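Heads up, the thing below is written out as structure tokens.
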Amino acid sequence: MEKDIEKQRDEEVTRPALYNIKLYLNMDKVSSDCPYPGCFFCVMKEGNPSKRRASILKFFRELPAQDDDGQVLPISGLWNTAMAHPNDPEFIELGIFECMAALIWKGLKNRRWLSHDQNIYIPYYAAHIIGSYTMNMEEFAESSVHAGVIPPLVELLRGRLTWVEQRVAVRALGHLATYASTFPAVASHGEILELSIQLAMSSLEIVYSHFYQYVDRRLSYHCDLLTRGMGGVEMESRKAEEWASQLQCWSLQLINCFAFKPEFLPTICNPEFLTKLPGMWGGLVNENSPAGIGLLRTICHHKLGRGPVAGCPSIIESLCNISRSSDDWQYMTIDCLLWLLQDPSTCHKVVDKAVPALVDLAEITTLGDHKKLGDSIVNVLEECVQSQGTGRNSFSNRTKELIEELLNSRQRLKWEKNMPKEDLHIKQAAALVVKLEGNSLFSSGNISGAASKYSEALALCPMRSKKERVVLYSNRAQCHLLLQQPLTAISDATRALCLHNPLNRHAKSLWRRAQAYDMLGFAKESLLDAILFINECSQSNDPDLSLRQNKVPDYAERLVKKQMRAAWLFREAAIKHGGVHCEGDAGDVFGRETDDSEWETASESDIGNDGRDEMGNEEEEEEDDDDDDDDDSEWKNNDERKEKYDKSSIKDLKHGYNVQLAEDEP
């Protein structure tokens, strides 16, 4: 197809899409002496409602058979109307779906017509109009199915034209699949699910290799659609990345509709596809989509899906990492882990990996709509212990110890509720003394000894003294970083973040966990923590932080840039296809490692002449935080830091995949 329309690159676009829209919006200025009988803009100006409706009906019926120039003008006007008023039934009743389906078929079958004038835009606009009108109204979706829109949309989904048409086709089909009344019509086309799976896996590479990589080979109509005729190379590239993410995420949304039905799970649970899902995250350009994590949650909701997921260790590891990160969809990964543990057929496969992460999260109170999430975690882990006693599950000694420690801490909290306040104050004072001893050891370079003291202080500190415990966990996380123990650093930083109020907003713990994830090579998790750390710095009322005058710390900016390169949506495609990044504000060559060895930690870059950390402290109790005493000789080189480590209904899709664990099928 792209060869057939390659000449479009060199043709002057006389009426870009934006101009068409403006013309439509200003149709009251169209001359009353219009020489074209049946002109759509003149029809829309008709004052008599019955004549207007009759003329619009005639227009929709006759447009697909016409070969006149300028057909893109009324189509782009209809596109604008559909976007602005998707719930207006007038055009639906007059046959707009039949007209749009016929125009898509015409573009697929008549390449000569497609390459004439600006007709190349029409299939895109037609599919977009269908998707907009079916976005909110189930009755509109039913009308579109009766009008026969699915077969031409499937042909666009196959890639019969280009990736921009695939994007709007999968969007429209995703809307149709969302409704219970129209899903069967979508599912009756068996190839849709397979095509969507392949598109989800290949979409980023398609957009990169067919558009992003070579600026001089970009089709002009693609550029116009991306930027509305007002962009340059940089804007085109940014929009292409956004559209590529949407193409992938909308494909996943369509697959998610199928995943609510058990009969489709064997097709969806292909190991090659499953293992890629945690990495399909929408990027920073499409952060509102749950993407691959949302689909995994739907899969884990059903027993038939939990088995294949539990059989992929890399998925469980990814779920654990995301559950202990700043990802907006953190709660979805926690749901997945809990459901896998509750299922006797999968518990033994995932328990040793899932328990350490869930124990770290056990003191979360509320996460999104999840109330008392920590209590739910504790209850599930307690059930695991009980089922292990019956011989149904078996797990390692370390896992048993972690669960026992958690249950003991809960019992300790109950005991402390009955203790006199004087005794609690004594315990808190003792914990403070031990903490100061830990700070002293840290200052002298005895990092291991300091970590032990912080552990001792945690054992003394009352469970309800959350501020003090946040500091102790965060301090111990810093010790683990310096001891080259990123996994334990992640654990302690996560515990601090779960205790902190508001949740996941303790700046120093965010930064420490970002560094730990960087050591392990988990770019996305490190990036999200680093971004949130910068956000917390900019909003802090701490007088020390105010000295920065809202300037992003250099060390944080360097880490964010590094991880944005590593987590770039097109990174894998760029490496595969030669690795040349197009022009822009990050003109890098991808596919080879960049040198980031000069960025430091928060500790070393902020040490002032008096040896104190200019980053300051967030709580008065944190006055002696070990940030003040970090050893300037540590962590100088990035290479030295690196370690080697061998539905309840389909409509629930519209509401963040809000589903509960289904009963096991008989």
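The model shown is predicted, which means the values in this text are computed figures rather than measured ones.
With sequence neighbours excluded, the residues that form a side chain to side chain contact (heavy atoms under 4.5 Å, CB included) with Ala496 are Val470, Tyr473, Ser474, Ser509. Residues satisfying the side-chain hydrogen bond (donor to acceptor under 3.5 Å, both in side chains) criterion with Ser323, sequence neighbours excluded, are absent altogether. Applying the side-chain hydrogen bond (donor to acceptor under 3.5 Å, both in side chains) rule to Asn504 yields the partners Gln330; only residues at least two apart in sequence or on another chain are considered. In this structure, the salt bridge (charged side-chain N to carboxylate O under 4.0 Å, His left out) partners of Glu242, at least two apart in sequence or on a different chain, are Lys239. Partners of Ser203 by side-chain hydrogen bond (donor to acceptor under 3.5 Å, both in side chains), not counting sequence neighbours: none found. Scanning for side chain to side chain contact (heavy atoms under 4.5 Å, CB included) contacts around Ser202 gives Ile206, with sequence neighbours left out. Every residue two or more places apart in sequence or in another chain was checked for a salt bridge (charged side-chain N to carboxylate O under 4.0 Å, His left out) with Glu382, and none qualifies. Among residues two or more places apart in sequence or in another chain, the side chain to side chain contact (heavy atoms under 4.5 Å, CB included) test is passed with Glu363 by Met463, Arg469, Leu499. In terms of the side chain to side chain contact (heavy atoms under 4.5 Å, CB included) criterion, residue partners of Pro356 (sequence neighbours excluded) are, by chain and number, Leu402. With sequence neighbours excluded, no residue forms a ring pair (Phe, Tyr, Trp, His ring centres under 6.0 Å) with His425. Residues passing the side-chain hydrogen bond (donor to acceptor under 3.5 Å, both in side chains) test with Thr399, sequence neighbours excluded: Asp352, Ser396. With sequence neighbours left out, Lys524 forms a salt bridge (charged side-chain N to carboxylate O under 4.0 Å, His left out) with Asp327.
Counting all heavy atoms, side chain and backbone alike, Ile293 lies closest to Pro278 at CD1-CA, 4.2 Å. Shown here for Glu317 and Phe522, the closest heavy-atom pair between the two residues is OE2-CZ, 3.6 Å. Leu569 and Ser245 make their closest contact through CD1-CB, 3.7 Å (heavy atoms, listed as atom of the first residue, atom of the second, distance). Heavy-atom minimum distance, Lys453 versus Gly438: CB-CA, 3.5 Å. Listed here is the closest heavy atom pair of Ala574 and Trp568: CB-CZ3, 3.7 Å. The nearest pair of heavy atoms linking Met280 to Ala200 is CE-O, 3.7 Å.
In this structure, Ser465 contributes its side chain and Cys461 its backbone to no donor-acceptor pair below 3.5 Å. For Thr346 (side chain) and Arg306 (main-chain N/O), no donor-acceptor pair under 3.5 Å exists by modelled atom type. Listed for the Asn379 side chain is a donor-acceptor partner under 3.5 Å among the backbone atoms of Asp375. Of the possible donor and acceptor atoms, none in the side chain of Ser491 sits under 3.5 Å from a partner among the backbone N and O of Leu487. Asn408 places a side-chain N or O within donor-acceptor distance of the main-chain N or O of Glu404, the cut-off being under 3.5 Å. Between the side chain of Trp329 and the backbone N or O of Ser289 there is at least one donor-acceptor pair closer than 3.5 Å. At least one donor-acceptor pair under 3.5 Å links the side chain of Thr298 to the backbone N or O of Gly294. Formation of a donor-acceptor pair under 3.5 Å by the Ser251 side chain with backbone atoms of Leu247 is found in this model.
Side chains of Ile447 and Leu441 form no contact here, defined as non-hydrogen atoms less than 4.5 Å apart. Using a 4.5 Å heavy-atom cutoff, the side chains of Lys372 and Thr365 are not in contact. Side-chain atoms of Asn501 and Lys466, non-hydrogen and from C-beta on, never get closer than 4.5 Å to each other. Annotation: side chain of Val380 is not in contact with side chain of Leu337 (no heavy-atom distance under 4.5 Å). The closest side-chain heavy-atom distance from Val355 to Phe395 is not below 4.5 Å. Considering only heavy atoms from C-beta on, Phe442 stays 4.5 Å or farther from Glu437 through its side chain. Within the 4.5 Å cutoff, the side chain of Glu205 has no heavy atoms near those of the Glu572 side chain. Side chains of Lys435 and Asn475 form a contact here, defined as non-hydrogen atoms less than 4.5 Å apart.
Using bins of under 30°, 30° to 60° and over 60° for the plane-to-plane angle, the ring pair Phe570/Tyr208 lands in the tilted bin.
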- Task: Using the side-chain contact (heavy atoms from CB on, under 4.5 Å) rule, take Ser448 and Asn446 through it: C-alpha gap first, then chi angles, then the decisive distance, then the call.
- Result: CA-CA 6 Å; Ser448 180; Asn446 186 350; 4.3 Å; yes
- Between Gln563 and Leu528, does a side-chain contact (heavy atoms from CB on, under 4.5 Å) hold up when you go through it step by step? CA-CA 9 Å; Gln563 306 300 27; Leu528 295 175; over 6 Å; no
- Task: Could you check Gln411 against Leu407 for side-chain contact (heavy atoms from CB on, under 4.5 Å), going step by step and ending with a plain yes or no?
- Result: CA-CA 6 Å; Gln411 189 62 45; Leu407 297 179; over 6 Å; no
- Just do the side chain to side chain donor-acceptor pair (under 3.5 Å) check on Asp335 and His370 with the steps written out, would you? CA-CA 10 Å; Asp335 283 346; His370 287 52; 3.2 Å; yes
- Dump the intermediate steps for side-chain contact (heavy atoms from CB on, under 4.5 Å) on His506 and Leu510, then the final yes or no. CA-CA 6 Å; His506 185 249; Leu510 285 167; 5.9 Å; no
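One distance of note links CZ of Arg495 with CG of Leu497; it measures 12.5 Å at 0.5 Å rounding. Note that CD1 of Ile334 and CG of Leu361 are 4.5 Å apart. Values are rounded to the nearest 0.5 Å. To the nearest 0.5 Å, atoms CZ (Arg512) and OG1 (Thr494) are separated by 13.5 Å. Rounded to the nearest 0.5 Å, atoms SG (Cys498) and CG (Leu503) are 6.0 Å apart. Taking CG of Leu373 as the reference point, atom CG of Leu358 lies at 9.0 Å (rounded to 0.5 Å). Distance OG/Ser314 to NZ/Lys276: 10.5 Å, rounded to 0.5 Å.
In summary, of the residues considered (Ile315, Thr275, Val350), a side-chain contact (heavy atoms from CB on, under 4.5 Å) with Val309 occurs for Ile315 alone.
Centroid-to-centroid, the aromatic rings of Trp511 and Tyr517 stay 6.0 Å apart or farther.
Looking at Arg398 and Glu401, a side-chain N of the basic residue comes within less than 4.0 Å of a carboxylate O on the acidic one, giving a salt bridge.
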